[in-house]
Structures are given as structure tokens and as C-alpha cells.
2 protein chains.
Amino acid sequence: MSTDREEPARQRLTRAEAKARTRRLLLDAAARVFARKGFAGASVEEIAESAGFSIGALYSNFGGKEALFLELMAERGLGRVSEAAQTLDRHEAGTGEAAAELGRLLVQVADKDTDFAPLQAEFWLYAVRNPHVLDTMAAALREPRQALEGLIDTWLAERGAPADVPADAVATVVAALFQGLVRLRRVDPDSVPEELFGQALQWLFSGIGAPPAQARPTDQD
Amino acid sequence: MSTDREEPARQRLTRAEAKARTRRLLLDAAARVFARKGFAGASVEEIAESAGFSIGALYSNFGGKEALFLELMAERGLGRVSEAAQTLDRHEAGTGEAAAELGRLLVQVADKDTDFAPLQAEFWLYAVRNPHVLDTMAAALREPRQALEGLIDTWLAERGAPADVPADAVATVVAALFQGLVRLRRVDPDSVPEELFGQALQWLFSGIGAPPAQARPTDQD
DNA sequence: GTCTATAAACAGATAGAC
DNA sequence: GTCTATCTGTTTATAGAC
């Protein structure tokens with residue numbers, strides 16, 4: 001009998017697993033190609049070939065180019081904010097160690113994983129151009145940012161910052177700064193040295209802890 | 001003789017001026033369409049029609065789609081950094097007024113001129129994907145950033161910051177922060193209130209002026 | 001200088017073989 | 001489940017009329 005209808009796993013790979021593997025390879029290839037050519041500039045043929053499959057396989061696993069892109073976006077659209085949060089969590093605030101670690105994260109995202117930032121930019125552009133997706137992205141972004149916010153809360157308390165400092169605002173500033181630095185570093189590495197992110201955070205948190213250096217204790221109202 | 005070969009300006013519009021006008025209209029239309037559809041997603045037909053011309057007019061004025069895009073990039077790729085610098089220049093540092101003005105700039109760029117940020121993102125993506133253009137962009141970016149740097153220098157001196165604070169690093173941080181906030185605001189306006197940019201700058205400059213709130217006077221070495 | 005018509009290449013998506 | 005072949009619409013770019 002050449003039919004092997006109950007073999008638990010001949011070498012590896014059940015039918016469902018094979019399909020899952022194909023999907024995974026296609027998604028990874030899509031991430032590469034979308035990052036390098038952009039959403040509109042990428043062709044399904046190039047994606048399929050880059051994954052080692054044909055166009056047909058792509059269409060049998062995804063609704064089409066747009067569906068593939070959206071699934072990718074849902075999978076890794078969070079922008080690696082959680083990673084940054086973990087990094088921050090692992091070290092004491094304002095330590096040289098934390099700054100060094102932050103610098104490594106910047107280098108990793110800006111220099112090593114060269115597809116990351118362009119892909120995120122594509123996600124952002126797609127969202128901005130498709131209001132429905134924009135809402136989804138806003139919602140998805142809130143979750144990791146709140147994690148960051150929690151960390152910053154602790155951090156601020158440690159530093160004895162005034163209780164009325166809004167941690168969510170600080171979290172937003174930190175996230176925006178990181179994204180901005182990554183992009184600038186891609187264009188002009190010399191202008192964004194490794195230590196700049198950590199340095200900037202030290203400035204920021206010092207400034208939050210202490211009122212303006214030049215007179216004026218309260219600025220509210 | 002029906003030839004009017006020396007008429008200074010019949011109503012308006014010499015030949016050269018008419019062509020210049022066409023170029024201008026095409027460039028403006030291109031900015032709109034590239035911002036809304038992306039470089040690859042935009043078609044020369046849509047650009048031409050959006051400007052009120054035909055495809056032929058476009059090709060008679062520009063080498064093609066890419067040449068048009070590059071000319072646009074050279075024209076307005078500086079990213080409005082100079083505007084920010086002027087805004088900062090017009091007011092005292094750390095004033096409520098300056099903060100308010102900065103907020104207005106953020107709103108203007110993020111909410112009002114809705115094509116601006118996406119177009120800049122397209123420029124950045126194109127540069128990242130075309131190394132030759134990337135160098136050009138890095139060079140173009142250095143100029144306005146140095147203007148910002150000069151301002152910050154003065155600002156720091158006013159606040160009595162330590163002389164060893166590198167103004168170019170601060171300028172980079174300010175630029176990165178602004179870009180990051182604009183992009184975040186497009187996705188989730190509630191997370192980036194109008195005052196946040198000014199607020200963040202106040203924190204930042206306070207922190208630069210004063211050493212870390214929690215012990216440790218020098219962190220160097 | 002701008003327009004209309006068209007050429008030539010290429011895209012996304014589908015149908016049927018295996 | 002994946003591949004090959006193909007259909008259909010669209011794209012950039014050009015040639016020639018006006």
C-alpha cells in the first residue's frame with residue numbers, strides 16, 4: 001500500500017503544517033519585498049518567487065496582494081515598542097547601562113534590521129491612506145504604549161518626579177523620539193550617534209524631575 | 001503679419017513663462033498625487049490630469065515619472081525644518097508663547113497640510129531605497145539642521161546650560177521628536193495633544209540645564 | 001508646447017493540469 | 001496544495017497631429 005493515511009509524521013510535515021509553513025515563508029518574503037519595493041511597487045510574482053513558490057501558491061494561501069499586506073501588518077505592525085519597553089525594564093533608570101542598552105536597540109533597529117523601518121513606514125502610509133485601517137492601527141498602538149507608560153510611571157516615581165506629570169504624555173514623547181531618531185540615522189548616521197537616544201532620555205527625565213532651571217516654579221495656568 | 005514676435009506681454013505670459021507655469025502646476029499636482037498614492041502607486045496620467053494637462057505635456061516638461069519625483073524632492077525635501085527654526089527664533093525660550101506657537105506648528109503640519117507628512121515619508125523611503133539619493137538627502141538635511149543648531153546654542157546659553165552640551169545633538173533630538181510626533185498624531189490624535197511638543201521641549205531643556213535630579217553630578221567617564 | 005493615439009511591457013488575478 | 005498558462009486591465013513612454 002503506497003497510501004500513508006495515518007502516519008503521524010513521516011519525517012516531518014502533516015498536510016496542515018505544510019500549508020502553515022508555506023504561509024510563513026510567504027509572509028516572511030512579503031515582509032522583505034514590501035520593505036524593499038513598497039506596497040505598490042512590490043509584485044506578487046516577486047514575493048512568491050522570493051519565498052520559493054509560484055503565484056498560484058500565494059493566491060491559494062491569501063486573498064491577494066492587499067490581504068497579504070494586511071495580514072503582515074496585523075502580525076508585526078506594533079512597531080517593536082514592546083521590545084523597547086523590555087529593554088527599559090531590565091535596567092535601572094538613568095544608569096549608564098540602560099543608556100548603552102538603549103543605544104544598542106537603536107543600532108539594531110536602524111542599522112541591523114534594515115527592512116524594519118521601511119516596512120513600518122509602508123504600514124504607516126497605508127494606514128494614513130486608508131482611514132479604516134488607521135483606526136485599527138491606533139488601537140493596536142495603544143496597547144504597547146500603555147506598557148511603556150507603566151514603566152515610565154515607576155521610573156518617574158523612583159526619580160521623585162512631581163505626581164502630576166502625565167506618564168502617557170512622556171510615553172508618547174519617548175516613542176516619537178525613538179522613531180524619529182531611527183529614521184534620521186538611516187539618512188545620516190553621523191548625526192545620530194549610538195548614545196544619543198539614551199542621552200536624550202536622560203535629559204528628558206532630568207527635566208521632568210526638576211522644574212525649569214531659570215526661575216518660574218509653576219507654569220500651569 | 002499675424003506674427004507677434006516682439007509683443008512684451010499681450011495679456012500676460014511669454015512663451016517661457018507659459019512653460020514655467022505648466023511646470024509649476026505639474027509639480028504641485030505631482031506633490032498631491034505622490035502624497036496620496038505613493039511614488040509607485042501614482043500614475044503619470046493622474047498627475048497630468050490633476051494639473052489640467054495631458055500626459056504629453058508632462059513628458060515634454062519632465063524626463064518622466066522618476067525625474068518629476070526627484071525634482072519635487074529637491075524642491076521641498078528639506079522637511080520644513082527651517083520653518084520650525086523661525087518659529088523658535090521668534091520667541092523667548094521656555095515661554096508659554098513659544099510652546100503655543102510650537103503647538104500650532106505641530107497642528108499645521110500634522111492636521112492641516114495633510115499631504116505633507118506622507119510626501120516626506122515617500123521621500124525618505126525613496127532615499128533609503130536609492131543610496132545615491134540618500135547621500136544627497138543627508139547633505140540637504142544638514143543645512144537647515146545647522147540653523148536649528150545655532151538657535152539652540154543661543155537658547156542653551158540663555159538658560160545657563162553647561163558649555164559642554166553639544167548643540168548639534170540637541171538639534172537632532174528636536175528634529176527627530178517633531179517628526180515622530182507628527183506621524184503619531186496622524187494615527188492617534190488623542191495621544192499627541194497640541195501642547196505636547198512644546199511641553200516636551202521644556203522638559204528637554206530643563207534637563208539639559210540641570211544635572212540629574214537624583215545625586216550623581218557628573219556622569220561622564 | 002500641448003494633445004491624441006498607440007505601442008510595448010507588466011500588473012493582479014483566475015482556471016485547469018498535476 | 002501547488003504550478004503553468006492565460007485573460008484583462010493598466011502602466012510608462014513615444015510619435016505624430018495641431
Side-chain angles (χ1 to χ4, degrees), chain A residues 2-5 7 9-30 33-34 36-73 122 126 129-130, chain B residues 2-5 7 9-30 33-34 36-72 122 126 130:
Chain A
S2 59
T3 57
D4 46 358
R5 62 180 169 104
E7 211 92 25
R10 207 225 295 272
Q11 189 144 345
R12 291 180 259 246
L13 254 61
T14 65
R15 245 78 136 187
E17 280 173 343
K19 180 156 184 155
R21 175 179 157 278
T22 303
R23 280 179 62 89
R24 182 96 305 277
L25 288 171
L26 281 168
L27 278 166
D28 291 345
V33 180
F34 281 137
R36 313 237 239 253
K37 304 288 184 74
F39 173 66
S43 72
V44 289
E45 187 182 18
E46 186 175 356
I47 293 172
E49 274 178 12
S50 171
F53 294 96
S54 64
I55 302 183
L58 192 153
Y59 277 95
S60 117
N61 280 282
F62 300 93
K65 183 177 167 179
E66 195 156 23
L68 179 53
F69 184 78
L70 288 172
E71 192 152 327
L72 202 61
M73 203 169 159
E122 288 293 332
Y126 189 92
R129 290 167 184 156
N130 298 272
Chain B
S2 60
T3 57
D4 45 359
R5 59 180 172 107
E7 208 94 25
R10 205 223 300 268
Q11 189 145 345
R12 288 182 263 244
L13 254 58
T14 64
R15 244 77 136 186
E17 279 173 344
K19 180 154 186 156
R21 175 179 159 277
T22 303
R23 280 179 63 89
R24 182 96 303 278
L25 289 170
L26 281 168
L27 278 167
D28 291 344
V33 179
F34 281 136
R36 312 239 241 253
K37 303 288 184 74
F39 172 65
S43 72
V44 290
E45 186 182 19
E46 186 175 355
I47 293 171
E49 272 177 13
S50 172
F53 295 95
S54 63
I55 301 184
L58 191 153
Y59 277 94
S60 116
N61 280 282
F62 300 93
K65 184 178 166 178
E66 196 155 23
L68 179 52
F69 184 78
L70 287 172
E71 192 152 329
L72 202 60
E122 289 292 333
Y126 189 92
N130 299 273

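Being a predicted model, the structure only gives us computed values, none of them experimental. A note on names: the letters A, B, ... follow the listed sequences, proteins ahead of strands, and every chain is numbered from 1. For the numbers below, each heavy atom of this structure counts, side chains included, while hydrogens, waters and symmetry mates do not.
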J.: Specify the closest pair of heavy atoms between A:M73 and A:Y126, including all atoms of both residues, with the distance to one decimal.
T.: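 Of all heavy-atom pairs spanning A:M73 and A:Y126, the closest is SD-CD2, 4.3 Å.
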
J.: Identify each donor-acceptor pair in which a side-chain atom of residues 38-50 of chain A lies under 3.5 Å from a protein atom, sequence neighbours left out, and give them as a table.
T.:
unit_1	atom_1	unit_2	atom_2	d
A:S43	OG	A:E46	N	3.1
A:E46	OE1	A:K37	NZ	2.9
A:E46	OE2	A:K37	NZ	3.0
A:S50	OG	A:R32	NH2	3.0

J.: Both B:A16 and B:I55 contact DNA chain C. Taking the nearest nucleotide for each, which residue is further toward the 5' end?
T.: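 So the residue in question is B:A16.
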
J.: For B:L26 and B:A51, which heavy atoms make the closest approach, and how far apart are they?
T.: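 For B:L26 versus B:A51, the nearest heavy atoms are CD2-CB, 3.8 Å.
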
J.: List in chain and number order the residues that pass side chain to side chain donor-acceptor pair (under 3.5 Å) with B:N130, two or more places apart in sequence or in another chain; answer none if no residue qualifies.
T.: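 Listed in chain order: nothing, the list is empty.
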
J.: For the CG atom of B:L25 and the CG atom of B:L58, what is their distance to the nearest 0.5 Å?
T.: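 So the CG of B:L25 and the CG of B:L58 are separated by 12.0 Å.
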
J.: Kindly give the heavy-atom pair with the smallest separation between A:G63 and A:A67, and that separation in Å.
T.: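 In terms of heavy atoms, the two residues are closest at N-CB, 3.8 Å.
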
J.: With sugar-phosphate meaning primed atoms plus P, OP1 and OP2, does A:G64 contact a base, only sugar-phosphate, or nothing at under 4.0 Å between heavy atoms?
T.: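 Result for A:G64 = sugar-phosphate.
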
J.: Restricting to non-hydrogen atoms, name the atom on B:F53 and the atom on B:A57 that form the minimum distance, rounded to 0.1 Å.
T.: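 The answer is CB-CB, 3.8 Å.
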
J.: I need the residues from residues 39-53 of chain B with at least one non-hydrogen atom less than 4.0 Å from DNA chain C; give them sorted by number, or say none.
T.: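 Of all residues in residues 39-53 of chain B, the ones placing a heavy atom under 4.0 Å from DNA chain C are B:F53.
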
J.: Earliest and latest nucleotide of DNA chain C, 5' to 3', sitting under 4.0 Å from a non-hydrogen atom of chain A?
T.: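 Both ends considered, the range comes out as C:dG12 to C:dT14.
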
J.: Could you check whether any side-chain N or O of B:R36 sits under 3.5 Å from a backbone N or O of A:R129, counting only pairs where one atom can act as donor and the other as acceptor?
T.: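 Between the backbone of A:R129 and the side chain of B:R36 there is no qualifying donor-acceptor contact (under 3.5 Å).
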
J.: Looking at NZ of A:K19 and CZ of A:R24, how far apart are the two atoms once the value is rounded to the nearest 0.5 Å?
T.: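 So the gap between those two atoms works out to 15.0 Å.
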
J.: If you look only at pairs with a residue in residues 58-71 of chain B, which of them pass as a salt bridge (Lys or Arg N to Asp or Glu O under 4.0 Å), with sequence neighbours excluded?
T.: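 Output for this query lists B:R23-B:E71.
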
J.: Any residue in residues 65-72 of chain A with a heavy atom nearer than 4.0 angstrom to DNA chain D? Just list them by number, or reply none.
T.: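 Contacting residues: none.
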
